[in-house]
Amino acid sequence: MMAFQTPALPYAVDALEPYIDAKTMTVHHDGHHVAYTNNLNAALESYPDWQTKSAEDILRHLNDIPEAVRTAVRNNGGGFVNHNLFWTVMGPKGGGTPTGDLAKAIDSAFGSYDGFRDQFSKAAATRFGSGWAWLVADESGKLSVTSSANQDSPYSDGFTPILGLDVWEHAYYLKYQNKRADYISAWWNVVNWSQVAEYFAGLNK
Ligand code: MN
């Protein structure tokens with residue numbers, strides 16, 4: 001049995017239509033995400049001690065990973081964890097705005113929800129090439145917006161991601177082609193704020 005397993009999508013492949021199309025979801029989950037998982041398992045095949053750790057812990061301690069497989073683990077462990085989060089922070093009844101403690105923390109960090117949304121959208125739009133935009137928390141629970149290249153994970157920089165947007169072309173090209181900005185603005189309609197609030201509430205802070 002493989003150490004790491006690709007979680008099933010928590011909704012049907014067409015559940016995020018019309019914002020994210022079923023074909024993109026199928027290729028993205030069954031193709032890209034499964035490949036990251038398989039490649040992570042392959043990279044750690046000869047390192048059983050590391051197979052017992054969570055993938056998040058592995059990414060927090062990348063420098064301790066044997067050098068021979070460190071780049072493969074960085075790329076594929078990142079791909080595994082980033083997509084695990086991505087599917088869960090979207091949903092068919094998404095959109096709207098955050099509420100409760102999360103809304104207060106966003107107001108405190110960014111001035112307002114609109115201020116947050118502008119900053120996050122800009123991080124996603126200006127990430128050159130492949131990567132992600134993130135809403136992350138530091139050890140005290142303070143929120144900030146970041147972006148990362150490729151499949152690099154906020155865990156490797158000491159942060160905990162609670163919302164992420166995949167801006168690799170594979171995430172949007174079938175429907176949006178070169179119009180990344182249109183994908184970003186559509187994506188806000190599928191954000192599952194109640195799940196993001198659960199991640200925020202679960203932080204050790
Ligand atoms: Mn992706």
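Whatever order the structure lists ligands and atoms in, that order sets their numbers, starting from 1.
- H170 contributes NE2 and H83 contributes NE2; the angle these two atoms make at the Mn ion (ligand 1) is 140°, rounded to 10°.
- With N41 contributing its side chain and F4 its backbone, the two residues share a donor-acceptor pair below 3.5 Å.
- Look at H33 and the Mn ion (ligand 1): no N/O/S atom of the residue is under 2.8 Å from the metal.
- The atom of H28 that is an N, O or S and sits closest to the Mn ion (ligand 1) is NE2.
- Using cut-offs of 30° and 60° for the angle between ring planes, the H83 and F86 rings count as perpendicular.
- Side chain of R70 to backbone of I65: a donor-acceptor contact under 3.5 angstrom is found.
- When distances from the Mn ion (ligand 1) to the N, O or S atoms of D166 are compared, OD2 comes out shortest.
- Below 30°, between 30° and 60°, or above 60°: for Y36 and W168 the angle between ring planes is above 60°, a perpendicular geometry.
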